Number of protein chains: 2
Amino acid sequence: MTFRVGTFNVNSLRSRLPVLERWLPTAGVDVLCVQETKVTDDQFPVAEVEAMGYHAVFAGQKSYNGVAVLSRRAPDESVSGFNDSQEPNADSRLLAVRFGDLWIFNSYVPQGKAIDHPDYQYKKEFLSRLSGLVAARLPGNVLWVGDLNVAPTPLDVTNPTNKKDHVCFIQELRDLYALKTSALVDLLRRFHDGEELYSFFDYRVKNALERNIGWRIDHMLASPALAGLCRNCWIDKEPRGWEKPSDHTPMLADFDLEL
Amino acid sequence: MTFRVGTFNVNSLRSRLPVLERWLPTAGVDVLCVQETKVTDDQFPVAEVEAMGYHAVFAGQKSYNGVAVLSRRAPDESVSGFNDSQEPNADSRLLAVRFGDLWIFNSYVPQGKAIDHPDYQYKKEFLSRLSGLVAARLPGNVLWVGDLNVAPTPLDVTNPTNKKDHVCFIQELRDLYALKTSALVDLLRRFHDGEELYSFFDYRVKNALERNIGWRIDHMLASPALAGLCRNCWIDKEPRGWEKPSDHTPMLADFDLEL
DNA sequence: GTCCACTGCG
DNA sequence: CGCAGTGGAC
């Protein structure tokens, strides 16, 4: 038995229900971490998710952000936000769930807007603070997934030379990201070294999917022992080509785990 | 062989494509007169209409109004607007098409807003001017259809006593309508005398369809000889109950005609 | 290009 | 309630 985990920035859960209803029942996913649900908790489509056979844990807000974890069985424990008495608590950008002895951190890291914008400073603080939370669970089994809004290397974005000042690629951010994730394994790269694989294709780039013009900013990062149990990790580009797609597409990983 | 004509105020053709794609292929319609397409001619969904097996003639504008005629075969002739050198030409409210010796006038009569609003005067002028155009084709076969924005009698609206000052029911307008349509036969009433049948159900009235709270403001009016060839006329309430419906629902008529 | 929110309309 | 437009975000 393998345990399959996925991450998918849906860019509005309610707008993406048709895509999810087409994809999820065939994807064989045990736990799906969803970002940018853009829905308040009282409006979360619980019935629709249950109709697909999934339990939902969610932490949302109006218009922006919002995270959820859809899972075949309910998590044993879940924590929304940083929950460390510091402000802001980032409730709608972070949701940690536990299945047995595995902690999964589902995160939507701020994009940052521009390198001279306050949001970029917040992005760096968010990454540091979140990495601390993850590190606190080591050496246990930890999986940190989500839209991290960082392309870690030049291989992770099309035309990197144009992107030197981009808030998802600037050297300072990549250095910070490398430092803060150094204890973890980038699962996609464990199985697909050197390949131009992307999880985000801008709506505004004509035929971005077919031309493979995109960004690898969604990630699945595992603690070393857990990474050793990982049997495969891949990006499923299919849903990006369907009607009314998200601009992101799902990433998945299989683990030799009984939970 | 019968020749089936329909009229349907779609309240945005692009928004209503899913409804139309569900309804039209099973409706057996030869000619469908559509109102409130709300689409400019360059944005008209020609391919989608052709995929349903219909030819399209259209006269639209941005945001408001817009008429189209969808037909299994292209009309022999079509005229957009009043085309009588008077202003305004009402391009996007009127489209006349000819099939053989039958002229069909597809019209979207102004609603009028309020009895003290200039639009109400325009509505009366529009009705008069249009009836002149129709009369000019008599004694030939003429069919005047569309959203005429007139409930001709108290039977044609729910709670008529509350509607005495309504721009679609005020006595002055009903008198004008009766006068201007006196040479024509109201096909629905030819087959359904005395019945509370409506073609428009306000979105804002909760469960309007189930409670049958509505207006009969869409009409099919035929010249006497043509009315004699009419075998049936009915309102199809089904599409009003589907997902994302128009606030109007189609009306249909069958004729013993070979065109 | 596709989301969101908001306003104006019937 | 569900169209349309506008302006902001990414």
Side-chain angles (χ1 to χ4, degrees), chain A residues 9-19 35-40 43 60-66 92 108-114 117 119-120 123 147 149 151 157 163 166-169 199-209 213-215 217-218 240-249, chain B residues 9-19 35-40 43 60-66 92 108-114 117 119-120 123 147 149 157 163 166-169 200-209 213-215 217 240-248:
Chain A
N9 178 322
V10 292
N11 186 15
S12 173
L13 181 59
R14 284 172 298 181
S15 297
R16 221 58 62 215
L17 276 175
V19 166
Q35 303 89 39
E36 283 207 82
T37 58
K38 294 184 178 178
V39 65
T40 52
Q43 307 226 61
Q61 65 176 66
K62 197 171 159 178
S63 299
Y64 303 105
N65 314 327
S92 61
Y108 175 50
V109 173
Q111 194 259 4
K113 290 199 172 86
H117 193 284
D119 282 14
Y120 177 63
K123 176 181 193 169
D147 179 354
N149 267 316
V157 59
K163 309 290 191 314
H166 195 286
V167 285
C168 297
F169 188 64
S199 61
F200 167 79
F201 300 89
D202 197 311
Y203 288 131
R204 290 165 293 184
V205 176
K206 196 91 177 158
N207 300 118
L209 188 70
I213 297 175
W215 294 74
I217 54 180
D218 300 279
R240 184 61 180 82
W242 296 345
E243 287 286 287
K244 295 235 155 232
S246 171
D247 40 6
H248 294 250
T249 203
Chain B
N9 178 323
V10 292
N11 185 15
S12 173
L13 180 60
R14 284 172 298 180
S15 297
R16 218 59 60 215
L17 277 175
V19 165
Q35 304 89 38
E36 283 209 80
T37 57
K38 293 184 178 179
V39 65
T40 52
Q43 306 226 62
Q61 64 177 67
K62 196 172 163 182
S63 299
Y64 303 105
N65 313 327
S92 61
Y108 174 49
V109 174
Q111 195 259 4
K113 289 201 171 82
H117 193 284
D119 283 14
Y120 176 64
K123 177 181 192 168
D147 179 353
N149 268 316
V157 60
K163 310 288 191 315
H166 195 286
V167 285
C168 297
F169 188 65
F200 167 79
F201 301 89
D202 198 311
Y203 289 130
R204 291 165 294 183
V205 176
K206 197 90 175 159
N207 300 119
L209 188 70
I213 297 174
W215 295 73
I217 53 180
R240 183 62 179 84
W242 296 346
E243 287 285 288
K244 297 236 155 231
S246 171
D247 40 7
H248 295 250

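Protein chains get the first letters and strands the later ones, always in sequence-line order, with residue 1 at the start of each. Bear in mind that the values here come from a model prediction, so they are computed numbers and not experimental data.
- Remark: the B:Arg204 side chain and the D:dG2 base include no donor-acceptor N/O pair separated by less than 3.5 Å.
- When only modelled atom types and interatomic distance are considered, A:Asp218 and A:Ser199 share a side-chain donor-acceptor pair under 3.5 Å.
- Rounded to whole Å, atom P of D:dA9 lies 10 Å from atom CG of A:Asp119.
- Using a distance-only test at 3.5 Å, with no hydrogens or angles considered, no donor-acceptor pair links the side chain of A:Arg240 to the main chain of A:Thr249.
- Residue-to-nucleotide proximity on DNA chain C shows that, of A:Asp247 and A:Ser15, the 5′-proximal contact is made by A:Asp247.
- The nearest whole Å value for the distance from the CD1 atom in A:Ile217 to the C1' atom in D:dC10 is 10 Å.
- When distances run from any side-chain atom of A:Tyr203 to the nucleotides C:dT2, C:dG10, C:dC4, the shortest one goes to C:dT2.
- Put simply, CD1 on B:Ile213 is 15 Å from C1' on D:dC1, counting in whole angstrom units.
- Atom pair B:Arg16:CZ and D:dG2:P shows a separation of 9 Å (rounding to whole Å applied).
- Taking 4.0 angstrom as the limit, B:Ser12 places none of its side-chain polar atoms (N or O) nearer than this to OP1 or OP2 of D:dC3.
- Between B:Ser92 and B:Gln35, the closest side-chain pair of non-hydrogen atoms is not below 4.5 Å.
- The CD-P distance, from A:Gln111 to C:dC3, rounds to 18 Å in whole Å.
- As a whole-Å value, the separation of B:His248 NE2 from D:dG2 P is 15 Å.
- Toward the 5′ end of DNA chain C lies the nearest nucleotide of A:Asn11, the other residue of the pair B:Tyr64 and A:Asn11 mapping further downstream.
- A donor-acceptor pair shorter than 3.5 Å cannot be found between the side chains of A:Gln111 and A:Asn149.
- Exactly one of A:Tyr203, A:Trp215, A:Phe200 qualifies for a ring-ring contact (aromatic ring centres under 6.0 Å, His included) with A:His248. That residue is A:Phe200.
- Atom P of nucleotide C:dG1 and atom NZ of A:Lys244 are separated by 12 Å, given to the nearest angstrom.
- Taking every side-chain heavy atom of A:Lys62 into account, C:dA5 is the closest of D:dC3, D:dG5, C:dA5.
- The separation between B:Lys38 atom NZ and D:dG2 atom P is 13 Å, rounded to whole Å.
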